Amino acid sequence: MSQPVRPAPPSAPAPKPGGIAERARAAAAPSYLDGLNPEQRRAVETTEGPVLVLAGAGTGKTRVLTTRIAHILATGRARPSQILAVTFTNKAAREMRERIGRLIGGSVEGMPWLGTFHSIGVKILRRHAELVGLRRDFTILDTDDQIRLLKQLLSAANIDEKRWPARQLAILIDGWKNKGLTPEKIPEGDAFVFANGEGRRLYHDYQARLKILNAVDFGDLLLEPLRLFQENADVLDDFQSRFRYMLVDEYQDTNVVQYLWLRLIARADGNLCCVGDDDQSIYGWRGAEVDNILRFDKDFPGAVVIRLERNYRSTGHILAAASGLIAHNEGRLGKTLHTEDEAGEPVSVACVWDSAEEARAIGEEIEQAQRRGHKLDEIAILMRASFQMREFEERFVTLGLPYRVIGGPRFYERAEIRDAMAYLRVINSPSDDLAFERIVNTPRRGLGDASVQLIHAIARDRSIPMTQAASLLVDSEELKPKPRASLSSLLEDFARWREELSTMKHADLAALMLDESGYTAMWQADRSPDAPGRLENLKELVRSMEAFESLAGFLEHVSLVMDADAGADGDRVSLMTLHSAKGLEFDTVFLPGWEDGLFPHQRALDDQGRAGLEEERRLAYVGITRAKKKAHIYMATNRRIHGLWQSTVPSRFLDELPVDHVEVEETGSVAGSRGGYGYSRFDTAEPFANTYETPGWKRAQARGKTDFTRRGAAPMIEGTVIARSGGETSFGIGERVFHQKFGYGRVVAADGNKLTVDFEHAGQKRVVDSFLERH
DNA sequence: GATCCATTTGTTTTT
DNA sequence: CAAATGGATC
């Protein structure tokens, strides 16, 4: 026990955050240490030498990290720029920055070296680009560009793309990079798995191409800094002495390159503090090595190991259920989490007929909770795979239940955003061939394959960028008049926009460019239902550019950060995958889809065997431990796989949950659905007067077919929507509206805040007015 | 060179 | 069952 500076029992309640008492004390002594338990405090105060903090779920890991940084700064051990702090996601970095600011009063200038491995990698590379064969303004390729590049290489090498897909090669190369292997270093056997031994040469050629394009891929952001350190002692030396203190969050998820990188910078005796939980290692498929955490004290001799085992998050039952489950894993460091919280409610397990009913049942439970005053913000649905999300979205839209998707189909991945970005990239760096290629003929300008091939040939011949090759081509007679004129005017456009970049704000230029290029017009002319949404996204993109200093700064941000937090504020249920749930917590958590094959996922089992199963189990552990007060597990007896209905086998994890902490819930819905009527105890509240007005019926009509497996009954259940007293709507009949999912339409009927809208492309739907915008 | 239709293909997790 | 690719046709 540490010496009692202020004699308070360890169990003393933490002061109310932000309370008067706390703020008063903050003005006097370093109050940031208050409320830490002895282990946490030790983890904060052991600043010198290597430290490994084994922090179980909910043991205050983030708090320790932020406090530790605050402590280092407050005691004058280092300046902010001398601290390297690595987080796993950009979101975590943002959060940590805020929390440190709050701890030490926000007067410290932002820490320049706080971020993900990738973003720190970019920073280092920009500084020393020449040393690894790049220019300072290199571009970062996304997966899409990467694959297109590899496709070109494969066809140049005359390799059948059908037999050896570029995707596979991309995964392979990524794997090598994650292991810190340059082309020369990959083992013979590895090189042989692709195209009969062409793997090494292709990897080598790919790297050479990247250098010519002045580009890096994601893997390079880790591998190239490592190479830089290994080959340039002076640079390494510089970074070694710069970073007085180093902190790494989620250490269990680091891969080999990241490890090697850390080893180099921290040496064996540096002030390196790694925080992690071997039971939460869920990124093995991405090259993460749990081994890194398991052998920390061998890599860093004399390392202090601190265990945080007191859980502050979950109730007794939840913690016990999770602990019992994870105990089935072998090869773990082993921690015994305990809580002083009450036992609470057992984890519930419910069995439903199929995924539609799963969504229905969960939706209903949420509405019930909401009526009891439960905040939607404190509810999350965590699933194994993102395709499970759709069913819930559909259900929630009909229910009018506000939800938010976290980490879903990412903003930057959408085609229209990529296209727009490609325009910006060409303007920003004329030698960005991949961007050029992407948009030469988007929108259609009559510059098809033939023309592009010609440009390509010239570019390769003279080793010049495609834009230059294109301008040569325009001056020649090789193209037919039509494409020639078209290409010429495109190049003129590029030149003009580039010029305007110096006079206009980049956001304005982007809007101008999208209009003048005909790109906006292309989507306006598009009659598909998602075209309006895409135009919205483009607007959003332009809007988000305003926050950046320069075009180059914006481009870098997008390639690294990727999540555009499109202000989804308000009280909403969160939907996300188990992977993106790591580090979060909610009062109530729903865990659907606990069936063998889905969870644990078949592929994890096939590819990784027992290791795969253990990782899946850790994923389950992560899921359960997100819950503070209540965890609901669901399994469906039938699920559609590959489009076919299949009956399922309950997840083996269900049997591994300790019986004392689990209750099997009688949903009654499997039995109840057979009767159809009387399914819900709540539908008497305000049933729809007319069965033909129900969303289920409407949807069945819109689709022109019933996709319900159980005839008759299901549509009735679909109709048991609880009409909530949402009040009157401000939308009028006949008004033109816009909906994120369904596009444009006109209001045909109103019932409280629930409107029936005739969508131009999606047909009639009942939606809640909060999902609509006026147009 | 573009468009339409058929066939094929694959559906885990992400910086 | 969907999306994405490839081939045939205009």
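Everything numeric in this text was worked out from a predicted model, so none of it was measured. Only heavy atoms go into these numbers, but all of them, side chains included; no hydrogens, no water, no symmetry mates. Naming: A, B, ... by sequence-line order, numbering from 1 per chain.
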Does the side-chain ring of A:His118 sit on the six-membered ring of the B:dT15 base, less than 5.5 Å centre to centre and under 30° in tilt? no
Contacts of type side chain to side chain donor-acceptor pair (under 3.5 Å), residue A:Asp174, not counting sequence neighbours: none
Presence of donor-acceptor pair under 3.5 Å, side chain of A:Arg286 and base of B:dT13: no
Pairwise C1' distance, C:dT5 and B:dT12 [rounded to whole Å]: 23 Å
Look at the side-chain N and O atoms of A:Arg603 and state whether any lies under 4.0 Å from the OP1 or OP2 oxygen of B:dT12. yes
A:Arg438 with A:Asp145: basic N within carboxylate O range, under 4.0 Å: no
Calculate the interatomic distance between A:Tyr259 atom OH and B:dT15 atom C1'; express it in whole Å. 22 Å
Please report the distance, rounded to the nearest Å, between CG in A:Asp253 and P in B:dT14. 12 Å
Select base, sugar-phosphate, or nothing to describe what A:Asn441 touches, counting heavy atoms under 4.0 Å on all strands. sugar-phosphate
At a cut-off of 3.5 Å, list every protein nitrogen or oxygen paired with a nitrogen or oxygen from nucleotides 3-9 of chain B, distance to 0.1 Å.
| from | atom 1 | to | atom 2 | distance (Å) |
| --- | --- | --- | --- | --- |
| B:dT3 | OP2 | A:Arg444 | NH1 | 3.2 |

A:Leu555/A:Leu424 under side-chain contact (heavy atoms from CB on, under 4.5 Å): CA gap, chis, key distance, verdict: CA-CA 8 Å; A:Leu555 288 175; A:Leu424 295 169; 4.1 Å; yes
Nearest to side-chain heavy atoms of A:Arg640, which nucleotide of C:dC1, B:dG1, B:dT13: C:dC1
A:Ser386 or A:Leu447: which one's nearest nucleotide on DNA chain B is closer to the 5' end? A:Leu447
Derivation of the side chain to side chain donor-acceptor pair (under 3.5 Å) call for A:Asn329 and A:Tyr621: CA-CA 11 Å; A:Asn329 269 4; A:Tyr621 174 78; over 6 Å; no
Does any N or O donor sit under 3.5 Å from an N or O acceptor when you compare the side chain of A:Trp285 with the base of B:dT13? yes
Can you find a heavy atom in the side chain of A:Arg652 that is under 4.5 Å from one in the side chain of A:Pro600? yes
What is the distance, rounded to the nearest whole Å, between atom NZ of A:Lys91 and atom P of B:dT14? 12 Å
note: A:Ile282, atom CD1; B:dT13, atom P; distance rounded to Å ~ 12 Å
First encountered from the 5' end of DNA chain B, between A:Ser580 and A:Arg445: A:Arg445
Should A:Thr577 be listed as having a side-chain N or O under 4.0 Å from OP1 or OP2 of B:dT14? yes
How about A:Gln152 and A:Glu437: does a side-chain donor come under 3.5 Å of a side-chain acceptor? yes
Just how far, in rounded Å, is C1' of B:dG1 from CG of A:Leu487? 16 Å
Among residues at least two apart in sequence or on other chains, which ones pass ring-ring contact (aromatic ring centres under 6.0 Å, His included) with A:Phe548? A:Phe554, A:His557
With a non-hydrogen cut-off below 4.0 angstrom, is A:Ser486 in contact with a base, only sugar-phosphate, or nothing? nothing
Rounded to whole angstrom units, what separation is found between the CZ atom of A:Arg390 and the P atom of C:dC1? 12 Å
Report which part of the nucleic acid A:Tyr283 touches: base, sugar-phosphate, or nothing (heavy-atom distance under 4.0 Å, all strands). sugar-phosphate
How close or far is atom C1' of B:dT14 from atom CE of A:Met389, stated in whole angstroms? 13 Å
For A:Asn292 and A:Thr254, test the side chains for any donor-to-acceptor distance below 3.5 angstrom and give the result as yes or no. yes
Could you tell me the separation between the CD atom of A:Gln646 and the P atom of C:dC1, rounded to a whole number of Å? 13 Å
